[in-house]
Each structure stands twice: as C-alpha cells, then as structure tokens.
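Below, read A as the first sequence line, B as the second, and so on, with proteins coming before strands; counting in each chain starts at 1. Heavy atoms only: backbone and side chains are in, while hydrogens, waters and symmetry mates are out.
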Amino acid sequence: MASNTEAWGSRVGLVLAMAGNAVGFGNFLRFPVQAVQNGGGAFIIPYLVSFLLMGIPLLFIEWSSGRFGGKYRHHSTPFILQSMDRRWIWKYVGVFGIFSNIAIAAYYCYIESWTMSYMIHSIIGTFDGLNQTQVAAFFSDYLDVKTSTTGIPYEALVFFVFCIALNAWILSKGLSSGVEKVAMIGMPLLIIFGIFLAIKGITLKAGVHGAINDGTVGLNFLWTPDFTSLANPKVWLAAAGQIFFTLSVGMGSIQCYASYLKKRDDVALNAMSAGWMNEFVEVVLGSAIIIPIGIGYLGIDKIIELTNLGGLGLGFRTMPFLFEQWGPALSAIAGVAFFGLLFFAGITSSLAMGTPGMGFMMDEYKWSRPKSAWAFGLVVMILGLPTIFFFNEGVFDEYDYWAGTISLVIFALLEAILFSWVFGMKKGWKEITDGADIQVPLVYRFIIKYITPVALILVFTGALLRPVNDDWSSINLKGWKLHNESIIGQLQHKGAGPNRQWFSRSFYAEADGIVDSVYSTKGNNYFFRTSAIQKSGKLSSKVYRYNPSKHQLLVEKGDVVFTGQAVYAGPVINRVFYLDMARLLLLTVFLLISLLVYIAWNKRIRERRIRR
Amino acid sequence: MNTSALIMMISVESIVALLTIWFFYKVLTTKPKPEPDSFTKNDEKKR
C-alpha cells in the first residue's frame, strides 16, 4: 500500500516551483495584449492595485490553507477545505481545485506541444523564406490535425501525446526529483531566454533587418499612460482578471504544493518571493518582447489589429516571421529562445496542474505516485482530444472559458470567504504569520477579511453581467444588452447568431457583408469570406468554412449577404453542438471527481480517519 | 520614448525588479528552521 510521503528538496526549489506554477503563457502572450487593449501604461496602475489587494491576499490564503491541510495529511483541496470547516459542502467546493487543474491541463498541454513543435521548426528552418501570410497559414495548417507540416501523420496529436507523456514521466519521479528539478533548470533558462529576447526587442533599430520602427516605439506605445482609462470599469476588470490568471490562484495547485510544508515553516516570505518573481517575468520581460518586436516590424496599427486576435495569434502566427528578419542563424536562436521560454513557462505550470489530482488519489485511494501520474496523463489526454479534433469548432476556447476562467473566480471567491469568515481571520492570520520569515503588514488582516472578498465578488459579478461593448454606462434598472462573453451570454450562446440549432439543413450568414473571396487551402479545406465596412470605418471580415462534397454553396463572389440568409445548403452540425458537448464533458468530469470525493469521504468514515 | 512613458516604465520595472530581488535574497539568506523542516536536501548536513 502506497502512502503520500512526498517532500520538497530545498526551499529555493519550492519557491522556483511555485514561481514556475505561476509563470505561464499568459505572462508573455496575454499580459502585453491586455495592456495594449486597456490604456497602455495606465493599465499597470489597476494591475498593481489588483496584485496588492487581491493577488497577494490570495497567495497568503492559498499557501497557508495548503500548509494547514498538510498537517492532517491532506494534499488536495477537497479535504484541505474540509479540514478548515467540517460542513459537508466544503469538500465539494474543493472539487474545483482538482477539476480546474485537469481540465486546464487538457488544453494547456496542447499549447505546450505547439511550443515544442515550433522549437523544432525553428531549428530545421521551416520558416526560412516564408512571408507573414505563409507563417500565419502554417499555424492554421498545424492546427488542422489532418494536415502534416513535417510528414509525420497527425503531427499535432503526436506532439500532444509526447508532451503529456513527458509531463506524466516527470510527475512520476516525485516532487523533489521531478517537479523541483524541472523548475530549478527551467526557471533560470526561461529568464535567460527572456532577457536575451527583451534586449533584442528594445534595441531594434528602424532600417536594420527590415524594421520600420525602433524597439522603443513599442515600449512607448505600451507604457504611455492614458489616465482616462482608469475611470473605465472594463480596465479594472481586465487588470483583476490578469492578476488572477497570472498567479495561478483559484486553481488548487498552490495549496497542493504548500501542503508538503511543515507546520513551523514559513509561508509568508515564500509566497511573496514566488509572487513577485512572477511579476518580474510578466511586467519586465513580458512587456519587452512581443510588442516592441511586433511594432518594430509591423507598425502600431497592425499590432493593434493582431492583438484583437489574442496573444496566441501574435505568438504563433507572427513571431516566427519577425525572427526570420534577423537572418537564418539568429532567427533559429531567437525561435528556440522564444518557444523555449514558452515551453518552460508551460511545463512548470502543467506539472503543477498534475499534483492536486495525484495527491488526492495517493491520499485517499493509496495509489502509488507513478500510477497516479500516468493516470493523470491518460485522463488529460482523453479530455484534451476534443480540443485538438474540434479546435476550429471552439472546443478549446470553451474549456478555457469555463475551466480556465470562470471556475477559478468561483473557487477563489469561495475559498476567500471560507478562510476569512468561516475559518475566521483570527486563526487565518495565525496560519499566515506562524513561522513567517518576514513581518506581514497588519493591514493585510483587514484586506483579506474585507477587501479581497468584495473585490472577488465584483470580478464575478462583472463577468456575470458584462455589458455589450464593455459599455458600463449602459447599465440601468431597465436592463442592458449583455456581452457575448458574459457568463449569462455564454450560457445563452449569444455569440452563435442565427445558427443556434445543433443540426440543420442550411447554414446561415452570421454577419452582413459582400462575398469577397471563395478559396481553398492545403488539406482540402474550403472557405468563403464576407467583408463589410463598420460604422467606425473599419473593415470587418467573416470567414466561413464549407465542404463541397456535402454542401451546396448558395452564394458566389460579389454577392451581398445579410445576417440570417442561407449561404450553403446540406447537412450541418453547428458550433453550438460542439460547445454543448464540451460543457457536458466538463460537467461530467466535475461530477465524477465529486463522486470520488464522496466515496473517499465514506471510506474515511469507515476507517475512522475523520477529524472530530 | 516620451517622458511620461519613460517615467512609468522605469518606476514600475524598478519597483518590481527590486522587490523580486529583495524577497529572493531573503529566501536565500534566511537561516533554515531547526530539523525536522520541510526540506530533504539539508537533512544530512545538519546531522
């Protein structure tokens, strides 16, 4: 019978593993995009305020509750929360702390596998001589699982499976011999790669290697404060959201790592060190790479346009082309550095996602570490397959929304209430300060009790009721139009437009416009595009995919189409079907973990292992 | 770069970098707690 007797090798290893858990793709791809879209330099003010009022308190809460639960040999949130309050509900709240990690790992490992693949493509010179459109098309081809960019059949799937196997193998080696070793190697390398690329970014010179702007133009654009944006709730919600995702709070992995600490060991200094290290990587390095380099080669307008496609688009569709401007040798080095730093950022986070579920199975079902690690890998692989096969149908984004965004906010809100109001601030403060190697400012006792829960309620309410166009002035008692990405909007499939049925015999246009192109790409993929000039004067385009062997195209180039007009006929499985199936799958995983918790609870009662 | 962007960037990045270095320095230099602590690598040295 196995028992969970893991331990960290060293304090530095623990801090680097925790920092590695926090540092992820978002530090390099999400943060600069959020900053650009929310007022540049002024975004940093709400961002740092959110870090002080929400980020640091949540770090204290999660580190100290993890160590508290560890005293009772609990290493996952269901029973860590239960040890703080005996009411039955908390163990099911704690299910979020296993569920989020497994569901996020399912699509996170997929991105991680892209970085591995892109490192190889950078070395073998795949991007040599490609123009920007071809580099962007390469990414689309890569995501189409049937298309191979290397000759390896199902290449994206092969890299994904290899990536998961690598994660499972490292996890099977244990905390100190696996996770900690990777963090000790990966974090310093990540920082070195980041510094190299940041120096290259900020020292770009207009006219050299085809750059049209100095690197400082990008920095200027990113850091010029627009203080009017401070009055916009959208900016504050975006800043709070970024703090959430960058610190990996609300996931349950911090509690799991901290549960291997002894009662009198410090949590306060460790939490601050890991938290600020993440901020360094995000604010100092993350702001000095993709925006300065992107603006250096493509200009401000193009980068603003690309940020609307999100950080992944910038990172994978654009950066390889920009590195190519530096010549074959330096572009290979830059490609390895950029995708290498993303890889280390990713793997140190995905390893952390493996530990809560494994800790639970080892604690409750006496599984060995290797068995738990490989089971985690298998579950993540099965859960990740829909994100690969139905990427273009939106399954990947659906996982990210429900598991990687909303679940974190709900869990963080509930754990903050548990810690400060149910467990009680008196005991909570003692947990934070016991063994502390720094003096924790007393004001945090007040902040944790009052400010943090209120801030979290505001973040959740903001996500629930987000108005269309983020126009918060439109909110009134008579009601307002919801944003497609608000929680209610998502539940109602507001973004689905006229194609709201799972199955239909026709597909309907989702926007007004003129059909300006009908084309096909590698792998027999057929598309047509409609474009229209918006009121703002900007051109907006909509690309539709169809299959000529099943569908009869009802429009041709030059036709004007209106929203709701049938554009092709034939059997159609609409996007909402895939989204509903993805939700059902995630809900099933949540319920299955709840069932395992219920069985484990009854097992504890039978074995009289419950703390009375 | 314009002055306001430069001031904003230098002040924020300096604060973040200094606090990161200071906290990590404290982690490196703070004396370990008496055994048994949470870390296995220092176990033999102390015995």
- request: Please flag which part of B/Val27 lies under 4.5 Å from any non-hydrogen atom of chain A: side chain, backbone, both or neither.
  value: both
A/Leu14 portion near chain B, given a 4.5 angstrom heavy-atom threshold: side chain
- prompt: Do A/Phe60 and A/Pro57 come close enough that some side-chain heavy atom pair is under 4.5 Å?
  reply: no
task: Could you pull out all residues at least two apart from A/Phe221 that satisfy ring pair (Phe, Tyr, Trp, His ring centres under 6.0 Å)?
output: none
Between A/Asp265 and B/Ser38: side-chain donor-acceptor atoms closer than 3.5 Å: yes
statement: A/Lys71 meets the side chain to side chain contact (heavy atoms under 4.5 Å, CB included) criterion, sequence neighbours left out, with A/Phe68, A/Lys263, A/Glu431
message: Counting only heavy atoms from other residues, nucleotides and ligands, does the tally under 6.0 Å from NZ of A/Lys262 exceed 12?
response: yes
- prompt: Under the side chain to side chain contact (heavy atoms under 4.5 Å, CB included) test, which residues partner A/Asp226, sequence neighbours left out?
  reply: A/Thr228, A/Ser229
field: Contact origin within A/Tyr47 toward chain B - heavy atom pairs under 4.5 Å
entry: neither
- prompt: Where on A/Leu261 is there a heavy atom nearer than 4.5 Å to chain B: the side chain, the backbone, both, or neither?
  reply: both
- request: Sort out for me which of B/Ile21, B/Ile15, B/Thr20 touches chain A most, counting heavy-atom pairs under 4.5 Å.
  value: B/Thr20
- prompt: Going by residue number, which parts of residues 276-292 of chain A are within reach of chain B, meaning a heavy-atom gap below 4.5 Å?
  reply: A/Trp276, A/Met277, A/Glu279, A/Phe280, A/Val283, A/Val284, A/Ser287
field: Which of A/Asp214, A/Thr216, A/Asp437 touches chain B most, by non-hydrogen pairs under 4.5 Å
entry: A/Asp437
